[in-house]
There are 2 protein chains.
Amino acid sequence: MALRHAVLAALLDGEYSGYQLAKIFDIAVSNFWHAVPQQLYTELTRLESEGLITGRQIIQQGRPNKRVFTVTGAGIEELERFAQTPARPGIIREDLLVMVQAVDHTSSAAVIKQLEERAETALAKVALFERTLERLRGETDEETFLREGSPIGPYLTCLRGRRFEQENYECYRSTAQLLRERAAAVEDEKGADAESATDSDAAADTDGPETP
Amino acid sequence: MALRHAVLAALLDGEYSGYQLAKIFDIAVSNFWHAVPQQLYTELTRLESEGLITGRQIIQQGRPNKRVFTVTGAGIEELERFAQTPARPGIIREDLLVMVQAVDHTSSAAVIKQLEERAETALAKVALFERTLERLRGETDEETFLREGSPIGPYLTCLRGRRFEQENYECYRSTAQLLRERAAAVEDEKGADAESATDSDAAADTDGPETP
DNA sequence: CAGCCCATGTAACGAGTTACATGATTAA
DNA sequence: TTAATCATGTAACTCGTTACATGGGCTG
């Protein structure tokens with residue numbers, strides 16, 4: 001039962017439907033929590049049945065009706081209790097870095113490509129966080145907002161999100177570049193070896209990535 | 001089926017038992033994958049039954065025997081296939097940042113304390129990654145190692161781990177400090193208000209954190 | 001008119017977590 | 001002698017993910 005608190009926290013700044021919440025989880029919340037839409041629908045139902053949130057129906061024309069939810073007093077109390085408990089250590093699972101870890105034993109071209117793609121999406125997220133930060137602070141300048149602006153919680157997590165994605169960008173970028181250069185170096189060696197000794201498996205004495 | 005690749009990748013640099021692997025997951029691998037020891041034991045059993053790793057018994061005296069595992073050819077092939085597939089988006093779950101997100105609606109003291117603790121553990125991890133990097137590159141200087149050292153995969157993930165924890169340190173540190181200052185400002189206001197108007201709930205017009 | 005956006009829900013399945021069980025050695 | 005380290009395993013349970021189901025409106 002850990003998702004519930006993330007949902008409650010995300011619902012604090014307004015009324016949202018499951019669908020809208022899924023979007024929020026995809027952008028602003030994505031840097032500290034991951035959840036697929038289905039999880040949110042079921043969690044919202046559960047939270048409502050426990051009285052931590054209340055839903056109300058919004059009749060729409062031209063598109064399906066929806067139910068939007070607000071955190072109740074009991075929900076706030078639950079968050080307060082949560083804030084008093086020791087936070088469990090963060091959980092992270094990054095397939096792409098598993099690939100990097102194993103790159104000495106696999107071909108690297110596909111991994112490099114994915115690193116470059118990820119670097120680009122990270123950059124896009126930086127821009128997105130930037131816009132969100134501007135929206136959150138409104139007319140106020142950052143220094144003043146940090147001192148007395150409100151709500152400060154979402155602002156702080158966005159700040160962290162921006163830094164995190166900036167870091168991701170630089171990291172993925174430079175990793176991709178480095179692996180590219182190393183792969184090129186191995187190719188060069190092969191070329192040189194082919195000229196000097198055309199019969200043997202010349203790359204055997206190098207530590208470069210294998211190309212099976 | 002995602003843990004398997006993380007286990008295979010971690011096993012690449014030598015023979016490890018489940019117990020040893022758990023330690024590795026706690027340090028070097030922890031910046032891109034999280035798993036509790038029990039998961040590793042069951043996954044190792046499964047991987048062995050599928051022929052992706054082989055185990056051999058080590059008889060020890062003075063302590064329990066253990067089984068250490070090595071990645072097989074089939075295991076490498078599995079990693080190669082894995083490297084060719086699109087990596088799924090990273091998964092992150094950070095309770096502490098959920099607390100920060102909700103901090104406008106809860107008391108902040110406990111959260112601040114945890115942020116400061118986390119900042120310290122992040123700093124310790126930076127030092128740990130630093131030592132691991134030195135060990136990995138041995139006599140070689142970093143520039144040379146990055147160009148032609150081996151294995152480069154673990155080195156790159158460690159580099160990223162160090163940056164990540166450095167970032168965490170700074171972020172958690174400054175967030176804690178900022179929340180501290182804001183909490184102090186609210187206390188000051190209360191004091192000033194108590195002097196000028198002793199009867200009313202004077203903090204009602206401020207945007208500062210509530211203290212329920 | 002194909003495909004995406006809005007909007008939600010149920011059910012099955014797969015993965016992750018916790019609890020429990022065992023037991024010897026060594027350091028404080 | 002209390003606790004920690006080493007070392008593994010089974011079973012129950014909770015949580016997360018995927019598949020499937022529905023259906024109108026809007027865009028290219």
Side-chain angles (χ1 to χ4, degrees), chain A residues 1-7 11 15-27 29-30 32-50 53 55-69 86-95 98, chain B residues 1-8 11 15-27 29-30 32-50 53 55-69 85-95 98:
Chain A
M1 295 266 179
L3 172 61
R4 61 193 311 98
H5 299 118
V7 171
L11 270 183
E15 283 188 324
Y16 295 109
S17 67
Y19 191 86
Q20 290 173 298
L21 200 57
K23 297 223 148 157
I24 293 170
F25 264 71
D26 239 39
I27 44 172
V29 175
S30 67
F32 62 89
W33 205 273
H34 160 86
V36 296
Q38 292 310 322
Q39 272 179 282
L40 301 176
Y41 285 118
T42 51
E43 195 61 41
L44 286 170
T45 309
R46 208 175 322 179
L47 285 169
E48 195 189 21
S49 78
E50 291 175 35
I53 60 176
R56 67 185 181 89
Q57 185 97 7
I58 304 263
I59 314 294
Q60 301 181 121
Q61 62 265 83
R63 54 185 55 183
N65 296 336
K66 63 179 174 184
R67 303 194 63 211
V68 294
F69 298 90
R88 39 187 71 178
I91 285 175
I92 191 167
R93 298 201 174 108
E94 197 72 67
D95 275 13
V98 174
Chain B
M1 297 264 182
L3 171 62
R4 61 197 308 103
H5 300 117
V7 170
L8 286 171
L11 269 183
E15 281 188 326
Y16 294 109
S17 67
Y19 191 86
Q20 290 174 298
L21 200 56
K23 297 221 148 160
I24 293 170
F25 263 72
D26 238 41
I27 43 172
V29 174
S30 67
F32 62 88
W33 204 273
H34 160 86
V36 296
Q38 292 311 324
Q39 273 179 282
L40 302 176
Y41 285 119
T42 51
E43 193 63 42
L44 285 170
T45 309
R46 209 176 320 179
L47 285 169
E48 196 190 18
S49 77
E50 291 174 35
I53 60 177
R56 68 188 181 85
Q57 186 96 7
I58 304 265
I59 314 295
Q60 300 182 119
Q61 63 267 83
R63 54 185 54 185
N65 297 335
K66 63 179 176 183
R67 306 193 62 209
V68 295
F69 298 90
T85 63
R88 39 186 71 177
I91 284 175
I92 191 167
R93 297 200 175 109
E94 196 72 65
D95 275 12
V98 174

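Just so it is clear: chains get the letters A, B, ... in the order the sequence lines come, proteins before strands, and each one is counted from 1.
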How long is the straight-line distance from [atom2] of [Y] back to [atom1] of [X], given to the nearest 0.5 Å?
{"X": "B:Gln60", "Y": "B:Ile58", "atom1": "CD", "atom2": "CD1", "answer": "7.0 Å"}
{"X": "B:Lys66", "Y": "B:Gln20", "atom1": "NZ", "atom2": "CD", "answer": "4.0 Å"}
{"X": "B:Ser30", "Y": "A:Ile92", "atom1": "OG", "atom2": "CD1", "answer": "9.0 Å"}
{"X": "B:Leu11", "Y": "B:Leu40", "atom1": "CG", "atom2": "CG", "answer": "9.5 Å"}

Report the distance from atom [atom1] of [X] to atom [atom2] of [N], rounded to the nearest whole Å.
{"X": "B:Leu44", "N": "D:dT10", "atom1": "CG", "atom2": "P", "answer": "13 Å"}
{"X": "A:Glu43", "N": "D:dT17", "atom1": "CD", "atom2": "C1'", "answer": "15 Å"}
{"X": "A:Phe69", "N": "C:dA7", "atom1": "CZ", "atom2": "P", "answer": "13 Å"}
{"X": "A:Ile92", "N": "C:dG16", "atom1": "CD1", "atom2": "P", "answer": "15 Å"}
{"X": "A:Leu40", "N": "D:dT17", "atom1": "CG", "atom2": "P", "answer": "11 Å"}
{"X": "A:Tyr19", "N": "D:dT22", "atom1": "OH", "atom2": "P", "answer": "20 Å"}
{"X": "B:Ile58", "N": "D:dT8", "atom1": "CD1", "atom2": "C1'", "answer": "15 Å"}
{"X": "B:Asp26", "N": "D:dC6", "atom1": "CG", "atom2": "C1'", "answer": "15 Å"}

Of C:dC6, D:dA7, C:dT17, the nucleotide closest to the side chain of A:Arg63 is C:dC6
Considering only D:dT18, D:dG23, C:dT18, which nucleotide approaches the side chain of B:Arg88 most closely?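 Selected nucleotide: D:dT18.
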Report yes if a side-chain nitrogen or oxygen of [X] is closer than 4.0 Å to either non-bridging phosphate oxygen (OP1 or OP2) of [N]; otherwise report no.
{"X": "A:Ser17", "N": "C:dT8", "result": "yes"}
{"X": "A:Gln60", "N": "C:dA7", "result": "yes"}
{"X": "B:Lys23", "N": "D:dC6", "result": "yes"}
{"X": "A:His34", "N": "D:dG16", "result": "no"}
{"X": "A:Tyr41", "N": "C:dG9", "result": "no"}

Testing B:Arg67, B:Arg4, B:Arg56 one by one against B:Glu48 for a salt bridge (Lys or Arg N to Asp or Glu O under 4.0 Å), which residue passes? B:Arg67
B:Ile91 near the nucleic acid: base, sugar-phosphate alone, or nothing, with a heavy-atom cut-off under 4.0 Å? sugar-phosphate
Go nucleotide by nucleotide along DNA chain D from the 5' end; which of A:Gln39 and B:Thr45 gets its closest nucleotide reached first?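 Per heavy-atom nearest nucleotide, the more 5' residue is B:Thr45.
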Given DNA chain D, 5'-ward residue of the pair B:Arg93 and B:Pro37, judged by closest heavy atom: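 Between the two, 5'-proximity favours B:Pro37.
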Suppose we call a contact any N or O donor and acceptor under 3.5 Å apart; does that hold for the side chain of A:Gln38 and the base of C:dG9? yes
